[in-house]
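All values derive from a computational prediction rather than experimental measurement. We're numbering straight along the sequence, starting at 1. Note that ligands are numbered from 1 as they come in the structure, with each ligand's atoms numbered from 1 the same way.
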Amino acid sequence: MRWMWIVLVAVAGGLTGYLVTRFEGSEPTIATSAETVYVGGEHRHVFEIDDEGTGVERVEIRLEADGHSYPLMDERFAGNLLTGASEKGSRSVEVAFDVEEFGLPDGPARLVAEASDFSWRGNVASVGVELVVDTRSPRVSVLTGLTYVARGGSEAAVYRADDDAWHSGIQVGERFYASFPHPELEGYRVALYGLPHDADPNTRPAVLARDRAGNETRIALTTRIVDKPLYSDRIRLDEPFMARKVAEIDPDLDGSPLEAYLQINGSLRARNAERLRELCRESSPERLWEGAFLQLPNSATRRAIGFGVRRTYTFGDRIVDRQTHLGLDLASTARAPVPASNHGRVVLAENLGIYGKTVVLDHGLGVFSLYAHLSEILVSPGDALSKGDVLGRTGTTGLAGGDHLHFSMLVQGHFVDPLEWLDGRWIADHIEPKLQGPPAEASMDPSGPRQG
Ligand SMILES: [Zn+2]
């Protein structure tokens, strides 16, 4: 008799366990990003769906907008009510849709995902994602008229972008220059930009504005590129010089002095430029500089050692390297005091590869100056300097032969011709007018938005 009871209890126990499992009450879980999503056209959205009990049976996804509901997906997964889902574990479900296909009006919408499981109770979970449908491109109007910009030179443009634009600036070829609120014109923005020294003649700087939904407006600025004569220069390398520089800059490099030197002149130069671009991403939104930038006192500028000079490096009778010189080499007496060329804040004061002991100043609105090959640095990051304050002394650190100052100007991390910034007349003609209040003749209500 007893064994019959044991079997009965075991079967009842098993059945109870089975029924408990089949009637499980845990809802599926639906995980997705909780942020509001801005959608302008095509959109892909991923939901991670799981059910700890009997497994996921069905997933439905729909778009709700303007009182309508648009089904996007209805998927049933393998399994049955007796044994649950064939495959347990989390499922990744992706929907892709184009709001223009549904003809949705701009405004709020919801993406709703509903999942049910194989439980006999039919547990259902639902998650809504808030969408903002925005198919309109930002409206942009450009205030700056015809502008002459020199190859390797700097310029500025003023424009207005409506509230929809959350990201705007000037695109020049591959480079993007961020904008700042205009200091005088309410609602306008100003961006300084540089034209690469090797820019394609067809390069057209353009205002680029993008909204959160990814809609873009691009309006080409009216610019004329002014060509400048290209200068070239020859640097004769010798082994003692290269050995000395390699020992100073990176003694761990393998190979002959020439091989190590070429690595420094090539890949380290590129890494240093990348570091400077990173560093110059952040700039004071206020203009700190005033008037012309100071040149190292008692120094001369020779065109042959100026900006954009194509340098050919020779060793013996071989050409071993070519680089473009992106600054001015200024020589005075040895260990001459180096003044800050304008008001600004120190953002770098350290040994920087090919530049040796280096100081970089932020002058605001994306404008920076760089002082290299110093023998001594007299300032620290964060220091606020006035035009003329001594920041260091000239020297021969980094890739310098004799004692001199390598002086560079950068706009948002890109090297530009410093001669323009040393010229008060150029600043007055090209930059100042774009930072001033409303010009008398310009209409403050541009003739309506243009899109492109
Ligand atoms: Zn130099």
Side-chain angles (χ1 to χ4, degrees), residues 152-153 194 196-198 228 230-238 241-242 244-246 248-249 261-262 264-277 279-280 293-314 320-341 348-361 368-377 391-411 413-422:
H197 61 87
D198 54 357
K228 285 193 166 177
L230 297 178
Y231 293 87
S232 54
D233 194 9
R234 181 173 293 252
I235 293 186
R236 288 179 180 79
L237 299 170
D238 63 60
F241 169 72
M242 291 189 290
R244 198 168 77 239
K245 287 299 164 188
V246 171
E248 177 198 320
I249 296 169
Y261 184 89
L262 292 181
I264 288 172
N265 207 32
S267 54
L268 183 61
R269 179 183 295 269
R271 286 209 303 282
N272 293 157
E274 185 52 44
R275 167 89 202 280
L276 289 169
R277 271 198 291 282
L279 182 79
C280 298
F293 283 63
L294 280 184
Q295 184 177 333
L296 179 71
N298 308 313
S299 67
T301 56
R302 268 203 302 127
R303 252 314 183 180
I305 49 170
F307 182 81
V309 170
R310 270 63 171 169
R311 280 183 164 169
T312 305
Y313 295 77
T314 57
V320 291
D321 205 1
R322 290 177 203 276
Q323 297 291 343
T324 304
H325 187 241
L326 299 173
L328 295 180
D329 286 346
L330 303 166
S332 160
T333 51
R335 294 182 52 78
V338 176
S341 59
L348 180 137
E350 65 183 48
N351 213 330
L352 181 69
I354 64 162
Y355 296 104
K357 288 183 182 166
T358 303
V359 172
V360 177
L361 302 185
F368 295 80
S369 58
L370 173 145
Y371 311 80
H373 308 318
L374 303 175
S375 55
E376 195 180 355
I377 291 176
L391 56 79
R393 292 180 176 278
T394 61
T396 59
T397 57
L399 286 187
D403 186 301
H404 75 280
L405 172 71
H406 172 100
F407 176 69
S408 280
M409 290 291 298
L410 302 101
V411 173
H414 299 288
F415 293 104
V416 292
D417 191 346
L419 280 179
E420 292 181 339
W421 293 92
L422 296 179

What pairs of donor and acceptor atoms, side-chain ones from residues 400-411 against any protein atom, are under 3.5 angstrom apart with sequence neighbours left out?
from: Asp403; atom 1: OD1; to: Thr394; atom 2: OG1; distance (Å): 2.7
from: Asp403; atom 1: OD2; to: Arg335; atom 2: N; distance (Å): 3.0
from: His404; atom 1: ND1; to: Gly402; atom 2: O; distance (Å): 3.1
from: His404; atom 1: NE2; to: Asp329; atom 2: OD1; distance (Å): 3.3
from: His406; atom 1: ND1; to: His325; atom 2: NE2; distance (Å): 3.2
from: His406; atom 1: ND1; to: Asp329; atom 2: OD1; distance (Å): 3.3
from: His406; atom 1: NE2; to: Ser408; atom 2: OG; distance (Å): 2.9
from: Ser408; atom 1: OG; to: Leu326; atom 2: O; distance (Å): 2.8

Pair up each side-chain donor or acceptor in residues 268-275 with any protein partner under 3.5 Å, not counting sequence neighbours, and list the distances.
from: Arg269; atom 1: NE; to: Asn265; atom 2: O; distance (Å): 2.9
from: Arg269; atom 1: NH2; to: Asn265; atom 2: OD1; distance (Å): 2.6
from: Asn272; atom 1: OD1; to: Ile354; atom 2: N; distance (Å): 3.0
from: Glu274; atom 1: OE1; to: Arg277; atom 2: NH2; distance (Å): 3.1
from: Arg275; atom 1: NH1; to: Glu350; atom 2: OE2; distance (Å): 2.6

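Between the Zn ion (ligand 1) and the N, O or S atoms of Asp329, the shortest distance is to OD1.
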* Quick one: do Leu391 and Leu361 satisfy side-chain contact (heavy atoms from CB on, under 4.5 Å)? Show the steps, please. => CA-CA 10 Å; Leu391 56 79; Leu361 302 185; 4.1 Å; yes
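The Zn ion (ligand 1) has no N, O or S atom of His404 closer than 2.8 Å. Taking backbone and side chain together, His406 holds an N, O or S atom under 2.8 Å from the Zn ion (ligand 1).
Taking the side chain as every heavy atom from C-beta outward, Val416 and Trp421 approach each other to under 4.5 Å.
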